[in-house]
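Sequence lines set the chain letters: A, B, ... in the order given, protein chains first and strands last, and positions in each chain run from 1. These numbers were taken from a predicted model, which means no experiment stands behind them.
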There are 2 protein chains.
Amino acid sequence: MFSKSTEYALRATIFIARNSSADTKVSIQSIAEGIGAPKPFIAKILQQLSNKQNQVISSTPGPSGGFFITKEKRSKPIYIVIEAMGDSTIIENCVLGLPNCSDAAPCSMHKVYKNIRKDLLSMFKDRTIDEIAKSKDRLIPTDFSCKE
Amino acid sequence: MFSKSTEYALRATIFIARNSSADTKVSIQSIAEGIGAPKPFIAKILQQLSNKQNQVISSTPGPSGGFFITKEKRSKPIYIVIEAMGDSTIIENCVLGLPNCSDAAPCSMHKVYKNIRKDLLSMFKDRTIDEIAKSKDRLIPTDFSCKE
DNA sequence: AATATTAAAGATAATTTTATCCTTAATTTT
DNA sequence: AAAATTAAGGATAAAATTATCTTTAATATT
């Protein structure tokens, strides 16, 4: 559904919410391992999530530095992650890709999609980061090479 | 939501369903104009929709040739268009991009997404091409350069 | 202050998606 | 059969996405 970048961004944000606090920050290394993403790529994504405009997550350099998420951001909807990644159009736009698709000037699938989009949007806008983080369900591909 | 290719494919298929019959075929030219897509690009997509494996739409070359859709295919779900374009993973896969995400080994968003995915899938699997085609709603971007 | 540790930033590369163009093949009409 | 019309197929190009690497900057510890 989303781009790879946004998938990683969502997983990383949830991981950070679970594993960081005011005094415990998490490194790029442990995030990369924790969500099963290539380290240099997730580094770029974390940068984007923490830059001036976005500030979904925070970071400090230096020893015992790393990434964390503030109490304020934890209570925001996970939608802010999707927005920061520039992928909100995926759930907002017309299924057929028409600009200006609306009730007034609907595309041929508008009627059947309308309510599903509403549900999709509310899924991301009504659930906070902390809410999703507390579930403890998977963020990383299962390792089938080790099953017995 | 889908790739540009799949958006064009859906629009083209609906357009062909509306504008073709046993004896009236539609040309690449008129399809491109009818859905507002670049002609060489939609040509490639029509090829993919009509090739040996897919056969969502049919075609004949030569004068008064063009594209059409059989009665049999008209009654199939629009899902076959998405499948032919190789984009079905978009609505089938895990939101967080985890392979093997399931009720048994759920990702952190599985529970909240599960039912929405079910609705998405049924939207594409329970509606036939003809059903969508009969609506007569838009398939082409509105032309605001000409409004008065 | 020096050193070690960590993220930030920028350059680069590989891959995929989107788009275009040109030649060939098939079919119909004359 | 010849000519005209249409799609098929293959090659190419442009843009976006995904991924990597190297250098720099910031911070904490000693």
Side-chain angles (χ1 to χ4, degrees), chain A residues 1-12 16 19-20 22-33 35-69 82 84-87 89-90 97, chain B residues 1-12 16 19-20 22-33 35-69 82 84-87 89-90 97:
Chain A
M1 153 141 257
F2 295 113
S3 66
K4 207 130 224 193
S5 297
T6 297
E7 288 173 355
Y8 286 151
L10 286 165
R11 278 148 69 184
I16 295 166
N19 297 97
S20 81
D23 54 333
T24 318
K25 285 146 201 162
V26 281
S27 68
I28 292 178
Q29 181 67 42
S30 70
I31 295 168
E33 285 169 3
I35 69 171
K39 190 175 145 186
F41 191 42
I42 195 64
K44 274 286 165 236
I45 291 165
L46 294 170
Q47 233 174 79
Q48 194 174 343
L49 287 175
S50 62
N51 71 11
K52 221 168 185 181
Q53 302 97 287
N54 296 319
Q55 304 198 51
V56 173
I57 57 176
S58 312
S59 68
T60 53
S64 82
F67 291 88
F68 62 102
I69 182 165
I82 295 162
M85 297 306 296
D87 253 2
T89 58
I90 287 177
Chain B
M1 153 144 254
F2 295 113
S3 67
K4 206 128 223 193
S5 297
T6 298
E7 288 173 354
Y8 286 151
L10 286 166
R11 279 149 68 185
I16 295 166
N19 297 98
S20 81
D23 53 337
T24 319
K25 285 146 199 163
V26 282
S27 67
I28 293 178
Q29 181 68 39
S30 70
I31 295 167
E33 284 168 5
I35 69 171
K39 190 175 145 183
F41 190 41
I42 195 64
K44 274 286 166 239
I45 291 166
L46 293 171
Q47 231 176 83
Q48 194 174 342
L49 288 174
S50 61
N51 72 11
K52 221 167 184 179
Q53 301 98 287
N54 296 319
Q55 304 198 53
V56 173
I57 57 177
S58 312
S59 69
T60 52
S64 80
F67 291 88
F68 62 101
I69 181 164
I82 295 162
M85 297 305 296
D87 253 2
T89 57
I90 287 178

Send over the distance from [X] [atom1] to [N] [atom2], rounded to a whole Å.
X: A/Ile31; N: C/dT6; atom1: CD1; atom2: C1'; answer: 12 Å
X: B/Ile45; N: D/dG9; atom1: CD1; atom2: P; answer: 16 Å
X: B/Ile90; N: D/dT17; atom1: CD1; atom2: P; answer: 13 Å
X: B/Lys52; N: D/dA7; atom1: NZ; atom2: C1'; answer: 17 Å
X: A/Lys39; N: C/dA8; atom1: NZ; atom2: P; answer: 13 Å
X: A/Ile28; N: D/dT20; atom1: CD1; atom2: P; answer: 14 Å
X: B/Ile42; N: D/dA7; atom1: CD1; atom2: P; answer: 12 Å
X: B/Gln53; N: D/dG9; atom1: CD; atom2: P; answer: 10 Å

Taking only residues two or more places apart in sequence, or in another chain, which ones meet B/Thr6 in a side-chain hydrogen bond (donor to acceptor under 3.5 Å, both in side chains)? B/Ser3, B/Asp87
Mind checking what makes side-chain hydrogen bond (donor to acceptor under 3.5 Å, both in side chains) contact with A/Gln29, not counting sequence neighbours? A/Glu33, A/Lys39
Residues in side chain to side chain contact (heavy atoms under 4.5 Å, CB included) with [X], at least two apart?
X: A/Asn19; answer: A/Phe15, A/Val26
X: A/Ile45; answer: A/Ser5, A/Tyr8, A/Ala9, A/Phe41, A/Ile42, A/Leu49, A/Met85
X: A/Gln47; answer: A/Lys44
X: A/Ala43; answer: A/Ile28

Given D/dC21, C/dT18, D/dA19, the nucleotide with the shortest approach to the side chain of A/Pro40: D/dC21
Separation between [atom1] of [X] and [atom2] of [Y], rounded to the nearest 0.5 Å:
X: A/Ser20; Y: A/Ile31; atom1: OG; atom2: CD1; value: 8.5 Å
X: A/Asn54; Y: A/Gln48; atom1: CG; atom2: CD; value: 6.5 Å
X: A/Ile35; Y: A/Ser30; atom1: CD1; atom2: OG; value: 10.0 Å

Closest non-hydrogen atom pair, [X] against [Y]:
X: B/Val56; Y: B/Ala84; result: CG2-CB, 3.9 Å
X: A/Phe2; Y: A/Ile82; result: CZ-CD1, 3.7 Å
X: A/Ile16; Y: A/Leu46; result: CD1-CD2, 3.9 Å

Both A/Ser3 and B/Phe67 contact DNA chain D. Which one's nearest nucleotide lies toward the 5' end? B/Phe67
Strand-adjacent residues in residues 4-12 of chain B, judged by heavy atoms under 4.0 Å from DNA chain C: B/Lys4, B/Ser5, B/Tyr8
Residues in ring pair (Phe, Tyr, Trp, His ring centres under 6.0 Å) contact with B/Phe67, at least two apart in sequence or another chain: none
Could you pull out all residues at least two apart from A/Phe68 that satisfy ring pair (Phe, Tyr, Trp, His ring centres under 6.0 Å)? none
Give me, pair by pair, the N or O atoms of the protein and of nucleotides 10-16 of chain D that are less than 3.5 Å apart, along with how far apart they are.
unit_1 : atom_1 : unit_2  : atom_2 : d
D/dG10 : N7     : B/Lys44 : NZ     : 3.0
D/dG10 : O6     : B/Lys44 : NZ     : 2.9

Under-3.5 Å N/O pairs linking protein and nucleotides 27-30 of chain D:
none

Has A/Ser50 got a side-chain N or O lying under 4.0 Å from the OP1 or OP2 atom of C/dA7? no
Compute the angle between the rotation axes at the two ends of the helix from C/dA1-D/dT30 to C/dT30-D/dA1, each taken over five pairs, rounded to 10 degrees. 10°
